[in-house]
> 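Dumping the structure here so I can ask a few things about it.
Below, chain A is the first sequence line, B the second, and so on; all start at residue 1.
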Number of protein chains: 2
Amino acid sequence: MNAPGTPARHQMPFTRLEIAVLGLVGDELNVLLARRAAAPHAGRWALPGGALRIDLDTSLDDAARRVMRERLGLDLPFLRQLCAAGGPTRDPRAPWALSVVYRAVVSADRIAPAAGKRIEALAWRPVADAMTGSGLAFDHGELIARAVTATRLDIERLDMPEGILPDSFTLGELQTLCERLLGRRLDKSSFRRKLADRRLVEPVAGALRTGANRPAQIYRRVCDTP
Amino acid sequence: MNAPGTPARHQMPFTRLEIAVLGLVGDELNVLLARRAAAPHAGRWALPGGALRIDLDTSLDDAARRVMRERLGLDLPFLRQLCAAGGPTRDPRAPWALSVVYRAVVSADRIAPAAGKRIEALAWRPVADAMTGSGLAFDHGELIARAVTATRLDIERLDMPEGILPDSFTLGELQTLCERLLGRRLDKSSFRRKLADRRLVEPVAGALRTGANRPAQIYRRVCDTP
DNA sequence: CCAAGTTAGTTGCACAGAACAACGAAGTAT
DNA sequence: ATACTTCGTTGTTCTGTGCAACTAACTTGG
């Protein structure tokens, strides 16, 4: 096994990481897109991403986090690998391009993604538009659709991504958050029953959210591994 | 965007594809392993795999299929991407190794995986053993565990992988097939109800499987896209 | 020929989870 | 005080699933 299959005998693909950051803008699920400053696809919108740096990165997860930090000015622990895509025609800059795609969910209003290195502009765009792929660079429309599907599947199972939940919240707030992420209404009693059965949240003793109406009990995430 | 992020400016990882082929040997779910002929991990068992060839492959799916053909002498259309893993210490032959892992399911008894190029020996091994990772090269124990989990999830949803279903079958045969893949018994009436509700199979008019007991209606997969 | 055994295929029932609907409770606004 | 909103709970219904029983059809062993 020292003939082929050995490093450096074959040319390797241009390897990048792309990050699909989802977040709520108002009621709607949006995705964070970067306007490409240079060719290819100059002026078009694409997922923010960057090249793998084998001198810096100790794993793919680590690389994705670095790219997110550099490009978006965000250092969030919640990144999940979505898929990998590759081919000779994906990126005209290289004879063969491979992208490992990650996804994340953040509270869009709590972060200010400063446009990082080499990004002309950053903008939230509704996933309903972006998923059609209209005007997006590369195959990023398809990738966004996959990220949304996978994320909504997580939410359906009440597997809430970190980075989206506040420290404390009322059950009503949690429900409307999920509803906006899913894009559909949920049943109040079922939602609460599931939360209680699976012990996903616990009430903060004596803490109430007061406002215009009846005060609501404040909850927080229950720590799984004490 | 012509400075960094551009091909050939950074060194790229040694990129390979690994194939987790699952199949039934007797009643038990097994995985196809290759004995490594050379260092690293010489003599140990590993998932069959091979380097990405950017001069031959038109996509990752295509590359996985080529590797499967070359290494195992199998040309099966059913391959699903599982995940990608990478890091500087995964493979001592390269400063940074990236593996894109695919999974497949085949009827173990219907194929004779001829040991292909550069493989000393091929053998089926029960996943129960392999998943513990004992004695496996690289991080392949973990990868096998993931492939089994993902495949069983497919079967639970009755999303039967191609390559495992015969052209025609009785409902009893289909059920025992699923039971062996899942490693647990299923309820007959629930199983049939689900098949009927979702219109996954259709009876072949007049075709019966006769044998030692009462003859059984023969079914076939319903074609989704006519 | 008959009884026993095995698999095929269906039916009824119990239970769990979820959707749907309604209700009282507790606050604010007018 | 009354209307209105959100909170929180409690029923009722519906659906899907698991469990069990039953009949049907065939082979095999006496």
> A:D187 CG to C:dA22 P: how many Å, rounded?
13 Å
> Ion pair present between B:D167 and B:R220, side-chain N to carboxylate O less than 4.0 angstrom?
no
> Could you check whether any side-chain N or O of B:Q81 sits under 3.5 Å from a backbone N or O of B:V100, counting only pairs where one atom can act as donor and the other as acceptor?
no
> Do NZ/NE/NH1/NH2 and the carboxylate oxygens of B:E156 and B:R152 come within less than 4.0 Å?
no
> Round to a whole Å and report the spacing from CZ of B:R157 to C1' of D:dT17.
18 Å
> Could you tell me how far apart A:F191 (CZ) and C:dC20 (P) are, to the nearest whole angstrom?
16 Å
> What string of B, S and - do you get for nucleotides 3-16 of chain D, 5' to 3', if B is base contact, S is sugar-phosphate-only contact and - is no contact with any protein heavy atom under 4.0 Å?
--BBBBBB------
> Please find the pair of heavy atoms, one from A:E18 and one from A:S99, that lie closest to each other, and give the distance.
OE2-OG, 2.9 Å
> In whole Å, what is the span from the CG atom of A:L158 to the P atom of C:dG17?
14 Å
> Is the number of heavy atoms from other residues, nucleotides or ligands under 6.0 Å of A:R180 CZ greater than 12?
yes
> In this structure, how many angstroms lie between the P atom of C:dA18 and the CZ atom of A:R185, rounded?
18 Å
> From CD of B:E179 over to P of D:dG18, roughly how many Å is that when rounded to an integer?
12 Å
> Before accepting this row, confirm whether a basic side-chain N of the pair A:R221/A:E162 lies closer than 4.0 Å to the acidic partner's carboxylate O.
no
> Rounded to whole angstrom units, what separation is found between the CG atom of A:L186 and the C1' atom of C:dG17?
15 Å
